[in-house]
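Here the structure comes first, spelled out in structure tokens, and everything after it is commentary.
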Amino acid sequence: MKALVLIGGFGTRLRPVTYSVPKQLIPIAGKPMLYHVLDLLPPTVEEAVLATGYKADAIARYVTEHPPHLPVRTIVEAEPLGTGGAMRNAGAGMSDPFLLMNSDVIAGFDLASLLAQHAAHAGLGTMTLVEVDDPTPYGVAELDPDDRIRRFVEKPTREEAPSRWINAGLGVWRREALDRIPDRTPLSWEREVVPTLLADGVFAYRATGFWEDAGTPERLLRAQRYLFDAGRGGRRAVPKGTTGQGPVAIDPSAMVEGATFGGSVTVAPHAVVGAGAYLEDAIVMDGATIAPGASVLHSIVGPHARVRAGHRVSHQVLGEAAEA
Ligand code: GTP
């Protein structure tokens, strides 16, 4: 079996850091988001095909230099094709069935159960749905009693929402679903293609467990907390010469002597955190500097960005080489 991973979006909700880094390469709990997504794949998956577009070179370079646990192949779109067009573009040679994944989903559930449920139905596809308190930012499913999906309502008001079960961005599809997407045409899989497939039988896999669309700073940091709690983060204890509780994932090439870690922190390679600096719920990216006595709370500090001595950064995203 193969997995088709959509990884070509602009990541606008994580700007300005995504002006220079594709969101899937932002390190969370010690490794890029993409690698946590690939960790979800069951062992029956032999290859992940990455449908890339925005910052495709950076992604191709990173996976070559840091090979994931399974073979990956990158396919590049010359221009953004939307999720539907990207699937068609990258879909040659897909297995039947294939797994389809958004690359910004951090989840704690078992995709082997999704595959088993798909095999038990005679449907064209099975989509993972999760139940959320507020479905209004998502695609919300209306379900038949046998969990067949009758329709999706995109970003409904609370009154319009037919349920609280939303598309989790993880599914399994028969290969023929790809043939139903027009070639070389930009379009959205969720909004423009899936509605045309429902009549062929698309079923819901109701997943329980942690799920987050890690596409905004707040949700990304929540996903990081979950990954540490679930034991899926890197090193957890604070290193020698620092204080605080952790959990933390600090690259060995980073310099952090004398800093205090309040918890759930990633420090990427070659970053420098000065003595007396305080970090909590934070991501400090490659080569960034947190000067002595500065504090960074609930924030993402982009590559080579700098937080001045004694300065406090809270609930912010700093782009590459930014100064605060
Ligand atoms: P925002 O701009 O912040 O909404 O993020 P995004 O660009 O990633 O969009 P969204 O979160 O809706 O995308 C869902 C998934 O589809 C993500 O994994 C994206 O990387 C991917 N994706 C979105 N648009 C494209 C596209 O045009 N081509 C490809 N290959 N993937 C896409």
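Treat the numbers as computed from the prediction; the structure is a model and nothing was measured.
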Would you call Arg13 and Asp213 a salt bridge, using N to O less than 4.0 angstrom?
yes

For His270, does the NE2 atom have more than 12 heavy-atom neighbours from other residues, nucleotides or ligands under 6.0 Å away?
no

How far apart are the closest heavy atoms of Ser95 and Lys2, and which atoms are they?
OG-N, 2.8 Å

Quick check on Arg191: does its CZ atom have over 12 non-hydrogen neighbours (other residues, nucleotides or ligands) under 6.0 Å away?
no

For Glu190 and Ser188, which I'm curious about, is there any donor-acceptor pair between the side chains at under 3.5 Å?
yes

CG on Leu318 to CD on Glu320, rounded to 0.5 Å:
12.0 Å

Looking at every non-hydrogen atom in both residues, tell me the closest pair between Ala223 and Ile28 and how far apart they are.
C-CG2, 4.4 Å

Can you confirm whether or not the ring centre of Trp211 sits under 6.0 Å from the ring centre of Tyr138?
yes

Any chance CE of Met1 has more than 12 other-residue heavy atoms, nucleotides or ligands included, within less than 6.0 Å?
yes

Taking all non-hydrogen atoms of both residues into account, name the closest pair between Ser253 and Pro269 and its distance.
OG-CA, 3.2 Å

Shortest non-hydrogen separation from Pro80 to Phe10 and the atoms involved
CG-CZ, 3.7 Å

Could you pull out the closest heavy-atom pair between Val238 and Gly246, with the gap in Å?
CG1-N, 3.6 Å

Spatial distance of atom OG1 (Thr128) from atom OH (Tyr205) [nearest 0.5 Å]
6.5 Å

Under a 4.0 Å N-O cut-off, is there an ion pair linking Asp179 with Arg88?
no

N/O donor-acceptor pairs under 3.5 Å from side chains in residues 99-110, not counting sequence neighbours:
from, atom 1, to, atom 2, distance (Å)
Ser103, OG, Leu6, O, 2.6
Ser103, OG, Gln24, NE2, 2.8
Asp104, OD2, Lys23, NZ, 2.7
Asp110, OD1, Ala112, N, 3.0
Asp110, OD2, Ser113, OG, 3.1

Counting only heavy atoms not in Arg232, do more than 12 fall under 6.0 Å of its CZ?
yes

The side-chain hydrogen bond (donor to acceptor under 3.5 Å, both in side chains) partner of Asp281 among His298, His315, Arg222, Gln224 is His298

Carboxylate-amine/guanidinium proximity below 4.0 Å for Asp96 and Arg174
no

Let me confirm one number: the CD-CD distance from Glu218 to Glu212, rounded to the nearest 0.5 Å.
8.0 Å

Is it true that Arg164 and Asp134 make a salt bridge, defined as a side-chain N closer than 4.0 Å to a carboxylate O?
no

Shortest non-hydrogen separation from Ala141 to Pro162 and the atoms involved
O-CG, 3.9 Å

For atom CZ of Arg151, is the number of surrounding heavy atoms from other residues, nucleotides or ligands below 6.0 Å larger than 12?
yes

Do the side chains of Arg73 and Glu47 get close enough for a salt bridge, i.e. N-O under 4.0 angstrom?
yes

In terms of heavy-atom contacts, does CD of Glu142 have more than 12 from other residues, nucleotides or ligands at under 6.0 Å?
yes

Only pairs at least two apart or in different chains count here, so list each side-chain hydrogen bond (donor to acceptor under 3.5 Å, both in side chains) that has a residue in residues 57-67.
none

Yes or no on side-chain hydrogen bond (donor to acceptor under 3.5 Å, both in side chains) for Thr260 and Thr243, after CA distance, side-chain angles and deciding distance?
CA-CA 5 Å; Thr260 300; Thr243 48; 2.7 Å; yes

In terms of heavy-atom contacts, does CD of Glu154 have more than 12 from other residues, nucleotides or ligands at under 6.0 Å?
yes

